[in-house]
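Hydrogens, waters and symmetry mates play no part in the numbers below; they use all other heavy atoms, side chains included. All residue numbers in this chain count up from 1 along the given sequence.
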Amino acid sequence: MGRKRKQDSSASEEKTTKGAIYLGHIPRSFVEPGMEKFFSQFGKVTRVKLARSKRTGNPKGYGFIEFESNEVAEIAADTMSGYLMCGRVLKCNTVPEIKPGMFRGHKKPYHRVPRRARAIAEYNKPKSAEQLTKQMQRLAERTKEKRKKLEALGIDYTIPSLEVRTPKRKVFKED
């Protein structure tokens, strides 16, 4: 009896084996929700993963689509291979083996990271007292070197001296 159950369960597993396809030369306007909606005409789509650039967030032009059954994936790959979409000819192949990290992050909607704005905010944030004193000391050292170079060249020019001071913290009164 135990053997029959194992054979029956393996037979049902073969019927429900998931299949995936690789989709290449994807137009930029064809993104995850549209891909899922378009490929659902072939059968139930379980996961969609579109490769994106980390820097810009734009699609790289290829992705993977997982179907509930392997047969549906093969039909979709055969049908869509060479399909003309938005002026691009799609390349579509079945994936022989679904690897563990292939659909990593497929549930998470893509939000563009404002890297430039973060860099500008980091650059423009107020400096601490230690940073300001260090900056002023470096500036004083450079002006001292410039004075020596000017004296060595025989140029009589006085560079105004700089005061190295620490900034005062602003204190707000609470009412």
Side-chain angles (χ1 to χ4, degrees), residues 1-136 138-139 142 167:
M1 285 187 188
R3 285 188 172 187
K4 288 182 183 177
R5 288 183 185 168
K6 287 182 182 177
Q7 290 174 352
D8 291 338
S9 64
S10 65
S12 64
E13 286 177 10
E14 289 177 10
K15 291 178 185 175
T16 60
T17 304
K18 293 186 177 187
I21 60 171
Y22 160 81
L23 192 63
H25 298 253
I26 301 173
R28 287 190 185 270
S29 60
F30 196 48
V31 291
E32 291 93 341
M35 289 171 70
E36 186 171 354
K37 190 174 181 181
F38 184 79
F39 280 93
S40 64
Q41 67 182 327
F42 297 104
K44 180 150 172 66
V45 176
T46 54
R47 297 187 285 185
V48 176
K49 177 66 179 174
L50 181 64
R52 291 183 174 273
S53 168
K54 289 181 184 176
R55 188 174 61 84
T56 63
N58 294 333
K60 289 185 177 181
Y62 69 94
F64 298 96
I65 302 169
E66 184 184 58
F67 290 95
E68 205 168 63
S69 71
N70 197 23
E71 292 80 25
V72 173
E74 289 175 3
I75 292 168
D78 291 339
T79 307
M80 295 305 295
S81 186
Y83 188 81
L84 183 67
M85 180 181 283
C86 299
R88 301 185 104 188
V89 179
L90 297 178
K91 301 284 183 182
C92 197
N93 300 316
T94 57
V95 176
E97 178 187 346
I98 299 173
K99 299 195 175 170
M102 188 181 291
F103 291 97
R104 186 178 327 149
H106 75 282
K107 290 182 183 177
K108 193 168 52 172
Y110 181 76
H111 297 289
R112 187 163 182 255
V113 178
R115 295 179 193 276
R116 181 183 168 106
R118 281 186 182 176
I120 290 170
E122 178 70 24
Y123 183 80
N124 291 332
K125 76 176 182 184
K127 293 183 171 65
S128 68
E130 298 94 30
Q131 290 173 329
L132 286 172
T133 55
K134 190 175 180 181
Q135 182 181 9
M136 293 301 288
R138 281 194 310 249
L139 186 60
R142 283 187 297 203

Closest non-hydrogen atom pair, Val31 against Pro59: CG1-CG, 4.5 Å
May I ask you to decide if Ser128's main-chain N or O and Gln131's side chain share a donor-acceptor pair within less than 3.5 Å? yes
Those residues at least two apart in sequence (or on a different chain) that pass side-chain contact (heavy atoms from CB on, under 4.5 Å) with Asn124 are Ile120
OH/Tyr22 to OG1/Thr94 distance, rounded to the nearest 0.5 angstrom? 13.0 Å
Taking all non-hydrogen atoms of both residues into account, name the closest pair between Ala20 and Ala73 and its distance. N-CB, 3.9 Å
If you round to the nearest 0.5 Å, how far is OG1 of Thr79 from CD of Gln41? 8.5 Å
Measure the spacing between CG of Leu90 and CG of Leu84 and express it to the nearest 0.5 Å. 8.0 Å
Using atom types as modelled, flag every donor-acceptor pair under 3.5 Å from a side chain in residues 42-52 to any protein atom, sequence neighbours excluded.
unit_1, atom_1, unit_2, atom_2, d
Thr46, OG1, Glu66, O, 3.2
Thr46, OG1, Glu66, OE1, 2.7
Arg47, NE, Glu66, OE1, 2.8
Arg47, NH2, Glu66, OE1, 3.4
Arg47, NH2, Glu66, OE2, 3.0
Lys49, NZ, Arg104, O, 3.0
Arg52, NH1, Gly57, O, 2.7
Arg52, NH2, Glu32, OE1, 3.1

Flag side-chain contact, heavy atom, 4.5 Å: Met35 against Ile65: yes
Test side chain to side chain contact (heavy atoms under 4.5 Å, CB included) on Met85 and Ile26; report intermediate values, then the result. CA-CA 8 Å; Met85 180 181 283; Ile26 301 173; over 6 Å; no
Pairwise side-chain contact, Ile21 with Phe67, heavy-atom cut-off 4.5 Å (strictly under): yes
Quick one: pull up CG in Leu23 and NZ in Lys91 and give me the separation to the nearest 0.5 Å. 11.5 Å
Once salt bridge (Lys or Arg N to Asp or Glu O under 4.0 Å) is applied, do any residues pair with Lys125, and if so which ones, sequence neighbours excluded? Glu122
Looking only at atom types and distance, does a side-chain atom of Ser81 sit under 3.5 Å from a main-chain N or O of Asp78, one as donor and one as acceptor? no
Donor-acceptor under 3.5 Å (Thr56 side chain, Ser53 main chain): no
Specify the closest pair of heavy atoms between Ala76 and Cys92, including all atoms of both residues, with the distance to one decimal. O-SG, 4.2 Å
In terms of ring plane angle, is the pair Phe30 and Phe38 parallel, tilted or perpendicular, where the classes change at 30° and 60°? perpendicular
